[in-house]
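Keep in mind the model is a prediction, meaning the values are calculated, not measured. Reminder, nothing fancy here: chain letters follow the sequence lines and each chain counts from 1.
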2 protein chains.
Amino acid sequence: MTAATPKGERRRQALVEAAAALLVSGGFDAVRHRAVAERAGLPLASTTYYFDSLDELVTAALEFHGTAELAYGKARLAELEPAECGGDAFVDLVLDLLLGPVGEVDAEAVLLRYERLVATGRRPYLRPLMRELSGQLHDLLHDIFAKAGQPVGRERVEELIALVDGAVVNALIEISPDPRAAARRMLAKAMQPR
Amino acid sequence: MTAATPKGERRRQALVEAAAALLVSGGFDAVRHRAVAERAGLPLASTTYYFDSLDELVTAALEFHGTAELAYGKARLAELEPAECGGDAFVDLVLDLLLGPVGEVDAEAVLLRYERLVATGRRPYLRPLMRELSGQLHDLLHDIFAKAGQPVGRERVEELIALVDGAVVNALIEISPDPRAAARRMLAKAMQPR
DNA sequence: GCCATTTTGGTACGCTAGTACCAGAAATGG
DNA sequence: CCATTTCTGGTACTAGCGTACCAAAATGGC
């Protein structure tokens, strides 16, 4: 169900944001009707009033969060000074786009980026959204490389993303996981001129 | 709790195998006391009698499954004919070790390999086990490359694994996911002599 | 201001979950 | 062969879940 009144629209949005926050901090399993309602300061029934099912709520939360991430990436692209694209800074820029800015809650935000990929394997209803978000991220990276004076083909973009993603998921099993550091090492090596 | 009688040991093992089967077919969420007991043909209470908690049961199931996978890999290594390590066949061999043999239920078995990596992010109790299994897989690949006459360093092994893993998780969001094909493409390109 | 529509929020239902309990059966060892 | 440990399996408790329901309140168009 979609809201018809301004106040209703605000409440609906509050629910989406609450769900997104829960998604980031606790993963898909944390997005529950009651938890979302409580976090948004709204009654339980509001969640079923504005969303036909939990899946719909999860989808909306994921879209909200994914769109925010992309907006951050686009901002970084816009403010990019082609001159200051030395190797190290550029590697960090790419990592910021793929894993989120370093300052963030980090561990959990990074984790969510991969939980949602894997979760999509068992939740086909997420696929259209995930494809859309993923496609935009690819485009963004493509543009960033171009603006930085290191144009690359789409295949190369996919390769670098795969390398980072693989490094991250393998780093998650460490006692004190530092996925960003692992990804950084591999990305730096792959990007250095040969 | 660990069994003290032969029959008890057999029942315990039946529970572990039932849990592992559920793990493969439905992921972590499918491993429930009742489901495991039913699949093993045992009463509900047997699950709490032999395992102090669900986490313990999940851990045992994961260890069982992981060890079976490694045994398969070791068998492939043992029967490897260094002569027949042409490029294509070798790529498939590596994929068999990383994703499981192609004939398998496939989609679900591959998915589990990545669910467990990501799940480890939110389930620290799995980390020691996952590190152990992952370390053995690395060793195995290292040996395979050596025996195939293409010795590589540990860093290179990690790179190739990351590439495959990243390709897979990114393939999971396709409408009709074919993670093996995606991984195959990237791995073949990365391994071809430059 | 009136009335149809939308929204609210408290409550309840049916279900599944993890886990606890315990009388009795089976196995074990001295 | 008996005493003790180990095991069995039916049952029940509490908690949390998604979802449905519905009387009352708020809202918006006329």
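- Note on Val164(A) and Met186(A): separate hydrophobic clusters, where clusters join Ile, Leu, Val, Met, Phe, Trp and Tyr whose side-chain heavy atoms are under 4.5 Å apart, directly or indirectly.
- Using a 4.5 Å heavy-atom threshold, the side chains of Asp96(A) and Tyr72(A) count as touching.
- Taking the ring axis of Phe28(B) as reference, the NZ or CZ atom of Arg122(B) does not stay both within 45° of it and closer than 6.0 Å to the ring centre.
- Within residues 121-129 of chain A, no residue has any heavy atom under 4.0 Å from DNA chain C.
- When the C1' atom of dT7(C) is taken as reference, atom CZ of Phe51(A) falls 15 Å away, rounded to whole Å.
- Spacing between atom CZ of Arg11(B) and atom P of dA26(C) amounts to 12 Å, rounded to whole angstrom units.
- Between Asp29(A) atom CG and dT16(C) atom P the separation is 18 Å, expressed in whole Å.
- Arg180(B) places a side-chain N or O within 3.5 Å of a backbone atom of Gly100(B) that can act as its donor or acceptor partner.
- Rounded to an integer number of Å, the gap from CD of Glu38(B) to P of dT16(C) is 11 Å.
- By the criterion of side-chain heavy atoms lying less than 4.5 angstrom apart, applied directly or through intervening Ile, Leu, Val, Met, Phe, Trp or Tyr residues, Leu163(B) is not grouped with Val118(A); the two fall into different hydrophobic clusters.
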Check nucleotides 14-21 of chain D against the protein and report each pair of N or O atoms closer than 3.5 Å, with its distance, or say if there are none.
residue, atom, partner, partner atom, Å
dG18(D), OP1, Arg32(A), NH1, 3.4
dG18(D), OP2, His33(A), N, 3.3
dG18(D), N7, Arg34(A), NH1, 2.9
dG18(D), O6, Arg34(A), NH2, 2.9
dT19(D), OP2, Leu54(A), N, 3.3

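- Distance CG (Leu15(B)) to C1' (dG9(D)): 13 Å, rounded to an integer number of Å.
- In this structure, Arg12(B) atom CZ and dT8(D) atom C1' are separated by 17 Å, rounded to whole Å.
- Per the geometry, CZ belonging to Arg10(B) stands 13 Å off C1' belonging to dA26(C), to the nearest Å.
- Through direct or relayed side-chain contacts under 4.5 Å between Ile, Leu, Val, Met, Phe, Trp and Tyr, Ile175(A) connects to no other residue.
- A salt bridge between Arg131(A) and Glu174(B) is present, with a side-chain N of the basic residue lying under 4.0 Å from a carboxylate O of the acidic one.
- Salt bridge absent: Asp165(B) and Arg113(B) never bring a charged side-chain N and a carboxylate O closer than 4.0 Å.
- Taking the side chain as every heavy atom from C-beta outward, Leu80(A) and Leu93(A) approach each other to under 4.5 Å.
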Could you pull out all donor-acceptor pairs under 3.5 Å where a side-chain atom in residues 138-146 of chain A meets a protein atom, sequence neighbours excluded?
residue, atom, partner, partner atom, Å
His138(A), ND1, Ser134(A), O, 2.8
Asp139(A), OD1, Arg154(A), NH2, 2.6
His142(A), NE2, Val152(A), O, 3.2

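- Side-chain nitrogen and oxygen atoms of Tyr50(B) include at least one within less than 4.0 Å of the OP1 or OP2 phosphate oxygen of dT8(D).
- Helix bend of the helix from dG1(C)-dC30(D) to dG30(C)-dC1(D): the angle between its two end axes, each built from five pairs, comes to 20° after rounding to 10°.
- Judged purely by distance below 3.5 Å, without hydrogens or angles, the side chains of Glu9(B) and Gln13(B) never pair a donor atom with an acceptor atom.
- Cluster annotation: Val31(B) and Leu44(B) are assigned to distinct hydrophobic clusters (Ile/Leu/Val/Met/Phe/Trp/Tyr, side-chain heavy-atom contacts under 4.5 Å, transitive).
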What protein N or O atoms touch nucleotides 23-28 of chain D N or O atoms at under 3.5 angstrom, if any, and at what distances?
none

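- At least one side-chain heavy atom of Phe51(B) sits under 4.5 Å from a side-chain heavy atom of Arg12(B).
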